[in-house]
Amino acid sequence: MRLPFFYGWVVVAVTFVTMAIGVNARTAFSLFFPPIISEFGWERGITAGAFSFGFVVSGAVSPLIGRLMDRAGPRAVMELGVVLMGGGLLLAPLTSEPWHLYVTIGVMVGAGSVCLGYSGQSLFLPNWFIRKRGFAIGIAFAGVGIGSVTLLPWVQHMIEQTGWRTACTAMGLMILIVLAPINLLLHKRPEDIGLRPDGDGAPSAGTARPASNIVDPVWAGTDWTLRRALATARFWWIALGYFCGLYIWYAVQVHQTKFLLDIGFSSNVAVWALGVVSLLGIPGQILLGHISDRIGREWVWALSCAGFAICFAALIALKYQPSFWLVYLMVVAQGALGYGLTSIMGAVVFEIFQGRHQGSIFGTIMLAALAGGAAGPWLTGVLYDRAGDYTLAFAIAVAVSGLSALSIWQAAPRKVRAVAGRLHKLHAETGAG
C-alpha cells in the first residue's frame, strides 16, 4: 500500500522522536548527578567523569558505527543504540561503586548515544532528500529541543517524587518500548524501497530527466573510500571545521551557567538562559536548514559560527556591563543562529563524499568533531584557572568560530553539488558554456 505522502517524512518523524528521547536521555545525567553525589558522597570529579568518559567512548566508536551503517543500514545501528542506551539506563540504578557508573552511563549510554544521536542519524537521513535536505534534517533534529523542554522537566519531577533510580529506570523502559519498534520503519535510502529522493517519480521515456545538481562530475563520479577521502584536503578542512564547531558549542554550553552566576546573575536567570537557548534552537535549526537549501551550506555554517562569535562577545561584554539585554543577545545568537550547525552537518559530508562508503567517512570525521566537543569545555576551564576569569577563553572561542567558518568554506561543498536554490545559476552557466 502506497502512502499519500513521501515515505521520507516517516523517516524524519522517526528521527525526530528518536532524537527527542535518545539525546535527552543522555543529557538527563546532569539531573541524576546531584542525587547520586548526595547518596554516595563521591567526589564530583570522579562522578562526573562517568559522563566525560562517555564522550571518549562516543569518539572511539563513531568510525565503527559509520562502518556498520555502510554494511547493515540504519535499523541495525539504531536498534544497537536502543539496546546499549536502554540497557545502560536500566542497569545504572544497581550502582554501588563509581566504576558501575562508568560502565553503564559511560560505556553503554555513551556508545548508544552515538547511534541514536546526531552522528547516527546524519549517516542516512541526508539520503532521503536532495532539494529539501537541510529543511528535513532541521525538522528531524528539532526533536532534541522539544525533548529538552518536555522530557527533562518530567525526569526532574520524577527524581523529586520517587528518586533517581526510578527516573533512570523509566527512561530506560521508554527507550526500549518507544524506540525499538519505531526504528524498524527505517531504511537507508529511498531506492531500497523503490522510491527516489524527495519523492520524485521515475522519469518516463517521454519526460525530461530531473536537473542534475552536480557541479564537479569528476569528483562526484569518484568512488570515495575512506582511504581516498583521507588523502584529500577537503576531508581535513571538514574535520577541522567540525572540531571547531563542537568546540565552541560545548565550551559555552558547559561554562555559561557558572559564568552568569559568577558575575552576579541569579540562578533563575542562569537556568532560564540555558533553557531558552534550547527552545530557540528548534525554529533556528528548521529555518537555517531551509535557508541552506536556498543559498548553500557554507553560508549557513558561517552564519551559525557568527552566532557563536556574537554569543562569546556578549559574554565578554557582560563581565564589564552586566545587563539583561546582553544576556538576551547571547541567548538568541547561540540558540537561533548557533544551533543551525547541526542541520547541515550531515549534508556537507554527503554532498562532497556521497557514495557507498559515506558512513565510514562521516563517522571518522565525527571523531574529530567529538574531540572538539571534549576539548572546548576542558580548555575553557584550564584557561579560566590560569587567567582567573573567562575573558581569554571566550576571546579564543571567537577566533575558533571564525576558523570553523573558514574551514567549511574551504571544503566548498558548493563546488561539488549545488543546493536546490542554486540550480538555476548552475544550469545558466552550463547552458552558457
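A salt bridge links Arg356 with Asp223: at least one charged nitrogen is closer than 4.0 Å to a carboxylate oxygen. Taking 4.0 Å as the cut-off between side-chain N and carboxylate O, Glu351 and Arg414 do not count as a salt-bridged pair. Salt-bridge check for Asp293 with Arg133: failed, with every basic side-chain N at 4.0 Å or more from each acidic carboxylate O. Between Lys415 and Glu298 there is no salt bridge, since no side-chain nitrogen of the basic residue lies less than 4.0 Å from a carboxylate oxygen of the acidic one.
Closest non-hydrogen pair, Cys305 versus Leu341, comes out as SG-CD2, 4.3 Å. In terms of heavy atoms, Ala140 sits closest to Thr15 at CB-CG2, 3.7 Å. Minimum heavy-atom separation, Ala333 to Leu337: O-CB, 3.2 Å. Here the closest non-hydrogen pair linking Cys115 and Gly81 is CB-CA, 3.6 Å. Here the closest heavy-atom approach between residue Pro197 and residue Pro190 is recorded as N-CG, 3.6 Å. Residue Ile286 comes nearest to Gly138 through the heavy atom pair CG1-O, 3.6 Å, listed as atom of the first residue, atom of the second, then distance.
Annotation: side chain of Thr380 is in contact with side chain of Phe394 (closest heavy-atom distance under 4.5 Å). The side-chain heavy atoms of Trp272 and Val277, taken from C-beta on, include no pair separated by under 4.5 Å. Using a 4.5 Å heavy-atom threshold, the side chains of Tyr339 and Leu280 count as separate. Counting heavy atoms from C-beta outward, Lys188 and Asp70 have side chains that approach closer than 4.5 Å. By the 4.5 Å heavy-atom criterion applied to side chains, Met78 and Gln121 are counted as neighbours. Phe135 places none of its side-chain heavy atoms less than 4.5 Å from the side chain of Arg294. Between Leu246 and Tyr242, every side-chain heavy-atom pair lies at or beyond the 4.5 Å cut-off. The side-chain heavy atoms of Val155 and Phe32, taken from C-beta on, include a pair separated by under 4.5 Å.
A distance of 11.0 Å separates CD1 of Ile263 from OH of Tyr390, quoted to the nearest 0.5 Å. Here the OG atom belonging to Ser304 is positioned 11.0 Å from the CD1 atom belonging to Ile408, to the nearest 0.5 angstrom. Here the CG-CD1 distance, from Leu116 to Ile175, works out to 7.0 Å after rounding to the nearest 0.5 Å. A distance of 6.5 Å separates CD1 in Ile36 from OG1 in Thr95, rounded to the nearest 0.5 Å. Atom-to-atom distance recorded for Gln253:CD and Ile248:CD1 is 12.5 Å, nearest 0.5 angstrom. Here CZ of Phe124 is found 11.5 Å from CZ of Phe362. Values are rounded to the nearest 0.5 Å.
Checked against a 6.0 Å centroid threshold, the rings of Trp409 and Trp299 count as neighbours. Less than 6.0 angstrom separates the ring centroid of Phe6 from the ring centroid of Phe129. In this structure, the ring of Trp219 has its center less than 6.0 angstrom from the ring center of Trp224.
Shown here are the side-chain contact (heavy atoms from CB on, under 4.5 Å) partners of Val23, two or more places apart in sequence or in another chain: Met19, Thr27, Val144. With sequence neighbours left out, the side chain to side chain donor-acceptor pair (under 3.5 Å) criterion links Ser113 to Arg26.
Aromatic ring orientation, Phe53 versus Tyr102: tilted (interplanar angle from 30° to 60°). Taking the six-membered ring where the residue is Trp, Phe265 and Phe324 present perpendicular rings, their angle passing 60° and hence far from 30°. In this structure, Tyr118 and Phe141 have perpendicular ring planes: the angle between them is above 60°, well past the 30° mark. Under the 30°/60° scheme for interplanar angles, the aromatic rings of Phe29 and Phe33 are found to be tilted.
With hydrogens and angles left out, the side-chain atoms of Gln354 and Asn127 include no donor and acceptor closer than 3.5 Å. Defined by atom type and a distance below 3.5 Å, a donor-acceptor pair is missing between the side-chain atoms of Trp249 and Gln334.
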For a side-chain contact (heavy atoms from CB on, under 4.5 Å) check, start with the C-alpha distance between Ser267 and Leu261, then their side-chain angles and the critical distance, and finish with the verdict. CA-CA 6 Å; Ser267 59; Leu261 293 173; 4.1 Å; yes

Go through the steps for Ile137 and Ile344 under the test side-chain contact (heavy atoms from CB on, under 4.5 Å), then give the verdict. CA-CA 7 Å; Ile137 295 173; Ile344 54 175; over 6 Å; no

Residues Leu370, Ser62; criterion side-chain contact (heavy atoms from CB on, under 4.5 Å); working and verdict: CA-CA 9 Å; Leu370 292 168; Ser62 184; 4.2 Å; yes

Go through Phe259 and Leu318 one step at a time and tell me if the side-chain contact (heavy atoms from CB on, under 4.5 Å) criterion holds. CA-CA 10 Å; Phe259 172 77; Leu318 273 165; 4.1 Å; yes

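Looking only at distances, no side-chain donor or acceptor of Ser278 sits under 3.5 Å from a matching main-chain atom of Ser148. In this structure, the side chain of Ser122 does not engage the main chain of Ser119 through any donor-acceptor pair within 3.5 Å. When atom types are taken as modelled, the side chain of Ser38 and the backbone of Pro34 share no donor-acceptor pair closer than 3.5 angstrom.
Within a 6.0 Å sphere centred on NE2 of His100, heavy atoms belonging to other residues, nucleotides or ligands number more than 12. Applying the 6.0 Å contact sphere to CZ of Arg165 captures more than 12 heavy atoms from other residues, nucleotides or ligands. Open room surrounds CH2 on Trp378; 12 or fewer heavy atoms of other groups in view lie less than 6.0 Å from it. More than 12 heavy atoms of other residues, nucleotides or ligands sit less than 6.0 Å from atom CD of Glu39.
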